[in-house]
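Chain letters run A, B, ... following the sequence lines, proteins first, then strands; residues in each count from 1.
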Protein chains: 2
Amino acid sequence: MERRQQVKKSRLSADDWADAALAAIGAGGGLAAVAVEPLAARLGATKGSFYWHFGNREALIEAALARWVETDTEQIIAAMQTEPDPEKRLRRLFTEVTRPAKHDPLELSLLASVGHPQVAAALKQVTERRIGYLTGLFTELGFTDAEARRRGLMAYNFYLGHTQLGHAVPSALPSAAEFPGYVEAVVGALLQRA
Amino acid sequence: MERRQQVKKSRLSADDWADAALAAIGAGGGLAAVAVEPLAARLGATKGSFYWHFGNREALIEAALARWVETDTEQIIAAMQTEPDPEKRLRRLFTEVTRPAKHDPLELSLLASVGHPQVAAALKQVTERRIGYLTGLFTELGFTDAEARRRGLMAYNFYLGHTQLGHAVPSALPSAAEFPGYVEAVVGALLQRA
DNA sequence: GTACCTCCATACGCCAGCGTATGGAAACCA
DNA sequence: TGGTTTCCATACGCTGGCGTATGGAGGTAC
């Protein structure tokens, strides 16, 4: 999720504010960084603009989350669908999603702000979509429903942990040289038959 | 990490404040919840007490984190050492650490606040200790150093993801009935020989 | 029992961010 | 070109949290 630094624009739209909010969340401040006045400064505007587009801070959060939910997960899943073989798809998905450059601080920040009800709802939606996709993938690979769900969960948990670790303690991740072997080991463990 | 609600105490120690800070972090507010005046209210005291024990808010955070680092990880590791067989130890560790009741919001909150330099340092310490322990465990099980490190990482990532998921979207976790099979599947995957 | 030392309450000034009110500029329309 | 609508800047009050200053209560020492 690349969200560009907004520099200046004579007139702003509600989406401009929502994007700025997401950028601010991802920039490390967490949900607390969605603060009207600092955002206004960053956009080269003032609160006057904001309170014309939104009723209050909550409304902005709502809009920003809605934007995140609909764009973030679907485009990755869609990108995978060009590969017909489910095993290769899993391998590609993991390679893609653990790429060191992929770091998505926004998602981590949202995970961190799950205390907020609107964030919790957005996360639930996205999480279920993803785990569902993974589970389906293992079903395609011939596992029973129960086993597919277990492995879908394992896969997602691993992804979450990896992302978290890469953000919090990047030095603990494997080096670039070790990386392929590491990803392969994970996928191998996930695919192994009893 | 059970940190009791402090109710009232005629005189407070610095550790009382540090514990209250950890409790507040864990209670969902994240690092932002380490706020002097609310904490004082909660302890039935006032800022006067706080600023006698600490120079400022930063000093409190520092003290709280130090307390967390030294108590949290070591006691779990120590508890495992009664089991001589490394495979059983791994199984026991995972069972223990994924127990639904185990939910440790404090750790999640710290992960979320990794933007703060002191938190980052504390997390690095704890993370390396844990991954090191897991890696050693796989070494004991006869894996090569490189393989042991890979599996140690996989195990830790899984743990992190599981914890995260349990906190953010608990409904996505397996039900109580599915739980043993789920844990066993994970441990099985981790122990699988090539 | 008095002098001192430890710990804390109260009161204060300061700053940042939220939300409101109001006037005005820019675009659009006729 | 005059009116209307859209969008925004400025100014204001309010709240909550940080840090400081000061006085005082309750132990302790002798």
Side-chain angles (χ1 to χ4, degrees), chain A residues 5-65 67 109 112-113 115-119, chain B residues 5-65 67 109 112-113 115-119:
Chain A
Q5 295 268 44
Q6 199 80 26
V7 182
K8 182 67 186 184
K9 204 171 165 185
S10 54
R11 277 163 110 87
L12 300 170
S13 69
D15 278 349
D16 289 331
W17 284 95
D19 283 340
L22 289 175
I25 295 174
L31 200 59
V34 181
V36 179
E37 277 155 316
L39 246 50
R42 195 152 106 98
L43 288 168
T46 65
K47 298 192 293 183
S49 169
F50 175 82
Y51 283 100
W52 192 88
H53 291 288
F54 297 91
N56 54 28
R57 178 175 175 269
E58 282 303 291
L60 172 60
I61 292 174
E62 182 74 42
L65 289 176
R67 220 166 153 68
S109 289
S113 307
H116 192 289
Q118 296 173 14
V119 173
Chain B
Q5 296 269 43
Q6 199 81 28
V7 183
K8 182 68 186 183
K9 204 173 165 184
S10 54
R11 277 164 109 88
L12 299 170
S13 68
D15 279 348
D16 289 331
W17 283 96
D19 283 340
L22 289 175
I25 294 175
L31 199 58
V34 181
V36 178
E37 276 155 317
L39 247 49
R42 194 162 119 141
L43 287 168
T46 65
K47 297 193 293 182
S49 169
F50 175 81
Y51 284 100
W52 193 89
H53 291 288
F54 297 91
N56 53 30
R57 179 174 174 269
E58 281 302 294
L60 172 60
I61 292 174
E62 181 74 44
L65 289 177
R67 220 168 153 69
S109 290
S113 306
H116 193 291
Q118 296 173 14
V119 173

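The distance from atom OH of Tyr51(B) to atom P of dA9(C) is 14 Å, rounded to the nearest whole Å. In this entry the distance linking CG of Asn56(B) with P of dG17(D) reads 17 Å, nearest Å. A straight line from CZ of Phe54(B) to C1' of dT20(D) spans 18 Å, rounded to a whole angstrom. Between the CZ atom of Phe50(A) and the P atom of dT20(C) there is a distance of 11 Å, given to the nearest Å.
Taking the salt bridge (Lys or Arg N to Asp or Glu O under 4.0 Å) definition, one finds that Glu58(B) meets it with nothing, sequence neighbours left out. With sequence neighbours excluded, the residues satisfying side-chain contact (heavy atoms from CB on, under 4.5 Å) with Ala59(A) are Phe54(A), Asn56(A). Qualifying side-chain contact (heavy atoms from CB on, under 4.5 Å) partners for Ala21(B), counting only residues two or more places apart in sequence or in other chains: Val34(B), Leu39(B), Leu60(B), Ala64(B).
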Atom pairs under 3.5 Å: protein N/O with N/O of nucleotides 5-7 of chain C:
| residue | atom | partner | partner atom | Å |
| --- | --- | --- | --- | --- |
| dT6(C) | O2 | Arg11(B) | NH2 | 3.2 |
| dC7(C) | O4' | Arg11(B) | NH2 | 3.0 |

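Applying the side-chain hydrogen bond (donor to acceptor under 3.5 Å, both in side chains) definition to pairs two or more places apart or across chains, none involves residues 21-33 of chain B. Residues in residues 23-35 of chain B take part in no salt bridge (Lys or Arg N to Asp or Glu O under 4.0 Å) pair, two or more places apart or across chains. Residues in residues 21-48 of chain A take part in no ring pair (Phe, Tyr, Trp, His ring centres under 6.0 Å) pair, two or more places apart or across chains. Listed by first and then second residue, the salt bridge (Lys or Arg N to Asp or Glu O under 4.0 Å) pairs involving residues 28-41 of chain B are Glu37(B)-Lys47(B) (not counting sequence neighbours).
His116(B) and Ile61(B) make their closest contact through NE2-CD1, 4.2 Å (heavy atoms, listed as atom of the first residue, atom of the second, distance).
Residues from residues 30-40 of chain B with heavy atoms under 4.0 angstrom of DNA chain D, sorted by number: Val34(B), Ala35(B), Val36(B), Glu37(B), Pro38(B).
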